[in-house]
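Written out below as structure tokens is the structure these notes cover.
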Amino acid sequence: MAAAEPPLKRSRRETRNDGGSALSTYGLLAPTLLVLAAFFLLPLYYIFMFSVALRRFSPTEALASLNGELSGFTGELWSKLLGVGVTVKVPGLDVDVPLLLVAIVFVVLLVLAVTGSKLKDYGSWVVGVAFALLLVPFLTFPAGNNLVRVMELTSDGQYVRLFFKSVTMAMTSSVAAVLIAIPVAYFLAFCVERSKYTWLLIVIAPFLTSYLLRVFAWKVILGDQGLINSGLMAIGLVDQENPLTFLIYSQFTVIVVLTYAWVPFICLPIFLSFQTIDRRLLEAAMDLGATRMQAFRKISLPIIAPGIVAAFLFVFIPSIGEYITPTLVGGVNGTMYGQSLATQFVGGAFNWQFGSVMALFLLGVVLLLTFATSRFLRAGGGGI
Amino acid sequence: MARDSTFVVISPNGKRLLTLFFAIFLIILYLPTVLLILFSFNDSTVATFPLVGFTTKWYGLAIHSEEIRLSLLASLRVGLISAFIATLLALMAAYPLARRNVRGRPLISAMLLVPLVVPTVVLGVALLILFQKGAIPIGLGLESVMIGHVIIALPFALLILLPRIASIDKRLEEAAYDLGATGLQTFRIILLPLITPSIISAFLISFVFSIDEVVIASFLAGDQATYPVYLYSGLKFPEKTQTLIPVATVMIVLSFLFAIGAEMIRRYGDRRLQGR
Amino acid sequence: MDGHIVLAGVTKAFGENVVVDNIDLTIGDGEFFSMLGPSGCGKTTTLRMIAGFEVPTLGSISLTGEDVTRVPPAKRNVNMVFQAYALFPHMTVQENVEFGLRIKKVKRQEVKARAAEAIQSVQLEGFEERKPAQLSGGQQQRVALARALVNRPAALLLDEPLGALDMKLRKEMQLELKEIQVRTGTTFVYVTHDQEEALTMSDRIAVMNNGIIEQCAGPREIYEHPRTAFVAGFIGTSNLVNLRVDRSAGGCATMDVSTGQRIVARSDAKAGSSVQVTIRPEKIHLRSDGLGDDASSVGGRISDVVYLGSMTQIIVDLATGERLTVHRLNDEAAAADAKVGDTITLHWAAENSFVIAGLPADASGGTDAAPSTSGNDNGREAHE
């Protein structure tokens with residue numbers, strides 16, 4: 001074999017003869033990669049440089065200086081963004097926690113939630129508890145005219161506070177969207193016998209129509225003289241002079257509209273994961289004495305769980321940085337992080353460097369989340 | 001009573017309940033669209049209840065509005081060009097990724113797909129810096145919006161094209177080579193006809209995304225607003241909104257038809273690949 | 001047209017994995033040549049090298065006297081019938097058949113004439129405008145054949161072409177393929193894992209295993225005189241016994257089993273050497289009538305009797321611990337009478353015990369092909 005080795009190595013690259021040379025392979029990939037490098041990676045690099053540049057630049061001089069005479073780096077803007085500590089509020093108790101500890105706890109919980117199922121004995125419990133602890137601080141429930149929380153995170157840094165608020169709104173609408181989408185997908189997957197996919201298309205189609213207009217339509221429904229208020233006034237439940245004002249320009253509105261906007265979209269991955277359930281498995285379970293509920297819990301749920309987590313992430317990830325919805329229907333009460341970020345560039349604040357810090361922070365959180373949950377995203381999205 | 005095939009997954013009462021839930025869901029889902037259509041014919045300057053009377057004057061106003069016409073044309077241009085570029089780039093990248101041994105494939109796929117999760121606000125401001133002050137100072141305008149839309153549409157187009165190319169039996173291409181075809185002939189005569197529906201579908205999705213995209217466009221459009229940017233700025237001022245509704249209604253119906261068209265073409269492609 | 005194919009020292013390695021190991025092969029003009037072996041034996045890779053889809057790591061391939069080792073498939077005057085046919089799904093039968101000629105820019109009239117002729121030769125007149133999916137498996141197979149033959153290739157390469165058909169159709173197609181081959185006089189190189197298929201159609205068969213050719217000969221020679229234990233085991237059912245030669249005289253080796261029991265073979269093996277002897281089960285008789293003086297004669301106990309329809313299979317345990325399989329047609333009374341537990345004496349003519357050549361005396365039992373009934377259904381060949 002010794003004599004044969006050099007030629008073996010030499011010809012490894014040209015073993016195929018179907019016109020697929022390395023040149024054409026990378027030649028075809030090159031334009032796309034170049035476009036991404038120039039218009040995606042390069043701008044992100046600028047944001048990074050802005051966020052840590054020592055000197056304070058005015059937007060007009062900023063880039064010229066960054067390209068030439070960058071004098072040094074600083075974390076000053078980052079500490080302005082992050083503040084120093086987080087206050088955890090549960091009913092009857094306020095606890096101050098250093099920011100670093102919060103970050104560590106968050107990462108540990110994330111790791112447990114994603115990989116906990118590999119633990120031998122209490123795997124599903126660990127995953128469940130970790131998910132619950134990640135969800136609960138960021139969930140809010142409507143109670144009368146207000147939204148209440150079981151547990152609240154605030155910060156001395158106003159931007160982190162705003163970020164927590166945005167995450168809360170995104171989280172609440174994501175959970176609501178998933179809870180609505182599950183029965184819809186279940187119905188489509190199991191109860192519709194004929195032209196299932198046409199019904200699915202009817203459910204999904206609104207997602208593909210103008211987002212702006214759907215948001216606008218909700219103004220018509222929820223406004224002071226909108227569908228709901230005028231309806232309630234007509235039947236005398238609400239006084240003409242005192243419409244339900246929490247319906248519009250509030251956190252509540254933003255959550256409702258975000259939920260509405262994303263439900264059609266996530267019906268798809270949940271439907272697809274229901275589709276993978278072999279009915280014969282359920283028949284076998286019931287044949288062996290399981291009730292319908294037991295069969296769902298023991299058989300269907302483990303199969304669809306990754307799809308549901310994926311659906312949740314499909315809503316949650318884009319919602320954190322939401323900018324249009326709160327601007328249109330959020331009012332002062334419903335402001336989100338994305339809006340504040342945008343004003344650093346095009347609005348009143350006009351501070352590109354701090355805006356870059358905000359952008360990078362948001363990007364970092366989103367990428368961390370995506371990376372940690374890529375297993376679920378692939379399961380639900382059929383990615384590459 | 002004969003058990004139907006849904007017996008194992010749901011009780012008869014549960015099924016009734018779920019059917020009711022689904023019906024209510026569909027009503028709420030389509031309620032906003034129906035309301036928009038109603039208000040586009042409402043003879044009042046504000047979109048509030050109760051409805052006042054029937055009129056088509058808002059459509060008349062919209063047709064003669066220069067602003068609306070210009071913004072629609074701008075959107076059309078941005079949408080068509082960015083969808084074309086995104087589809088072309090996605091096709092060029094999808095072929096080697098589906099068929100060849102590519103070194104560093106995980107890294108390349110990750111880079112191609114990451115724009116999906118990057119918040120559009122972040123991409124918008126990042127491109128704003130690049131075009132205003134960075135190494136590619138083309139300034140603000142429709143070209144800049146196009147570039148931003150290409151970046152976001154690229155992964156969508158890739159996710160449509162790549163699985164389709166990968167699903168086509170490689171032996172079809174080998175058979176063509178074997179019968180004397182060159183690489184380019186094989187692509188044109190064998191692969192292209194088989195993936196054309198997916199290409200159209202990728203193009204339509206990219207186009208629908210672009211003509212509805214407002215965040216990146218509002219950062220990069222500069223003086224020449226695209227239609228969503230015009231709409232967005234109008235919606236912030238209640239006194240302006242009534243004039244926007246007619247075009248909005250037409251757009252919503254059009255994009256609805258577009259979406260269904262894209263899906264029909266995709267299904268047609270599936271059938272065609274099976275040769276039926 | 002000279003369809004002469006010569007493979008000289010051809011080796012193919014994928015990375016460190018040597019799939020085809022230094023094979024030499026000459027395929028004559030107009031020959032029906034089969035490559036037979038279990039999945040992963042290298043037969044498909046060899047075919048793909050002849051077609052041009054793979055470039056040999058070492059060695060050369062020549063076609064009609066011309067070196068084509070590195071010539072791309074499009075430039076070789078051979079055509080392939082693919083496993084699962086690879087018919088172009090968006091083209092009609094007519095368009096599929098015309099494809100090769102159109103690519104080569106043959107004149108329109110000639111294209112029509114030759115396509116019509118090819119379609120007629122596979123009896124598909126009237127199906128010209130159908131799409132492949134509208135045809136049955138057998139019809140698709142014929143289209144694939146016509147699409148290749150219309151180019152008048154020097155050789156036709158067939159990769160498990162009947163693998164997707166059911167048993168009955170496969171038998172019909174075997175006869176038809178052979179008939180087409182004889183009629184057109186084209187060289188056929190046929191890859192299969194089905195030994196019966198290879199035996200039925202081929203002029204010559206190369207039995208491959210682990211990247212090498214174990215034996216290359218006509219069907220009768222391969223079946224009756226297997227040169228290695230692998231061939232004996234892979235082709236048909238075979239008995240394989242390990243013995244020591246006791247006497248050797250005049251090209252006749254005698255191996256005593258016990259008193260009055262012996263196995264005789266026509267072999268030059270020297271007295272004292274260890275040998276493997278194969279005996280086809282249907283050559284073993286239950287009576288000694290007319291077998292000649294030097295017939296083998298061995299006694300044993302029947303351990304199993306299996307009724308197989310046209311014949312009965314009798315398993316006999318010898319005193320030495322070896323086990324022989326005997327097939328007798330069911331028109332023989334003796335076969336019907338055989339019962340488990342009976343003692344019985346088996347007889348066969350000297351020319352029916354075959355000593356496997358080229359086996360070192362101490363290597364007996366080194367293969368896993370020992371007294372076996374293997375080789376009928378080795379599973380589908382994985383596509384390499």
Side-chain angles (χ1 to χ4, degrees), chain A residues 18-20 25 28-29 31-32 35-36 38-40 42-44 46-47 62-63 183-184 187 190-191 201 205-206 208-214 216-218 220-221 223 225-227 230 264 279 282-283 286 292 317 321 323-324 328 338 341-342 345-346 352 355 359 362-363 366 370 383-384, chain B residues 6 8-11 15 18-19 21-22 25 29 32 35-36 39 47-50 89 92-93 95-96 100 102 108-109 111 113 115 117-119 121-122 125-130 133-136 147 151 162 174 177 183 208 212 214-215 219 228 231-232 235 248 251-252 255-256 259-260 263:
Chain A
D18 52 9
T25 301
L28 282 169
L29 276 170
T32 312
V35 165
L36 282 177
F39 299 113
F40 183 63
L42 184 62
L44 293 183
Y46 282 136
I47 284 198
L63 253 299
V184 171
F187 179 79
F190 293 125
C191 300
L201 184 60
L208 299 167
T209 66
S210 172
Y211 183 72
L212 273 177
L213 296 171
R214 282 180 294 142
F216 171 71
W218 278 97
V220 179
I221 297 171
Q225 289 151 347
L227 186 64
S230 52
R279 259 182 219 202
L282 301 176
E283 282 168 2
M286 288 177 73
R292 210 175 273 114
I317 290 175
Y323 159 56
I324 296 298
L328 287 178
L341 195 175
F345 285 87
V346 292
W352 282 20
L362 177 61
L363 183 63
V366 163
T370 307
I384 304 175
Chain B
T6 62
V8 288
V9 281
I10 194 158
S11 68
K15 188 173 172 177
L18 213 52
T19 311
F21 179 85
F22 185 70
F25 171 78
L29 192 63
L35 283 181
L36 274 186
F39 278 108
T48 54
F49 284 96
L89 288 178
M92 286 168 70
Y95 185 76
R100 306 273 172 76
V102 177
I108 291 175
S109 336
M111 182 163 153
L113 293 183
V117 295
V118 170
V121 179
V122 173
V125 300
L127 285 171
L128 180 73
I129 296 176
L130 178 75
K133 299 287 168 199
I136 307 170
I147 292 169
I151 299 293
L162 191 104
E174 287 184 349
Y177 291 129
V208 166
D212 189 37
V214 60
V215 179
F219 282 115
L231 192 63
Y232 177 61
L235 291 181
M251 288 293 278
I252 226 168
S255 55
F256 193 80
I260 290 179
E263 172 65 14

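Computation of the quantities below employed the complete heavy-atom set of this structure, encompassing side-chain atoms and omitting hydrogens, waters and symmetry-equivalent molecules. Here is the naming used below: chain letters follow the sequence lines, and residue numbers restart at 1 for every chain.
Looking at B/Leu127, both its backbone and its side chain come within 4.5 Å of chain A, counting heavy atoms on both sides. B/Ile136 touches chain A through its side chain: at least one heavy atom from C-beta onward sits under 4.5 Å away, while N, CA, C and O do not. Proximity to chain B (any heavy atom under 4.5 Å) is shown, for A/Val184, by both the backbone and the side chain. Heavy atoms closer than 4.5 Å to chain B are found in the side chain of A/Ile317, but not in its backbone. Residue contact with chain B, scored on non-hydrogen atoms closer than 4.5 Å, involves the backbone and the side chain of A/Leu36 alike. The contact between A/Leu212 and chain B is made by backbone and side chain atoms together, counting heavy-atom distances below 4.5 Å. With a 4.5 angstrom heavy-atom cutoff, B/Tyr232 touches chain A via backbone and side-chain atoms both. For B/Val208, the part lying near chain A is the side chain, with the backbone staying farther off; criterion is any non-hydrogen pair under 4.5 Å.
Contact check for A/Val35 versus B/Ile151: side-chain heavy atoms found under the 4.5 Å cut-off. You'll find the side chain of A/Leu328 stays beyond 4.5 Å of the side chain of A/Trp218, heavy atoms only. Between A/Phe40 and B/Val118, the closest side-chain pair of non-hydrogen atoms falls below 4.5 Å. Put simply, the side chain of A/Pro43 does not reach to within 4.5 Å of the side chain of B/Ile129, judged on heavy atoms.
Counting all heavy atoms, side chain and backbone alike, A/Leu28 lies closest to B/Pro96 at CB-CG, 3.8 Å.
Residues meeting the side chain to side chain contact (heavy atoms under 4.5 Å, CB included) test with B/Val215, sequence neighbours left out: A/Tyr323, A/Ile324, B/Thr120, B/Val121, B/Glu213, B/Phe219. A/Pro206 pairs by the side chain to side chain contact (heavy atoms under 4.5 Å, CB included) definition with B/Leu29, B/Tyr30, not counting sequence neighbours.
For the set A/Pro183, A/Gly338, A/Gly321, A/Ala217, the count of heavy-atom pairs under 4.5 angstrom toward chain B peaks at A/Pro183. Of the listed residues A/Leu213, A/Leu341, A/Ile47, the one with more heavy-atom pairs under 4.5 angstrom with chain B than any other is A/Leu213.
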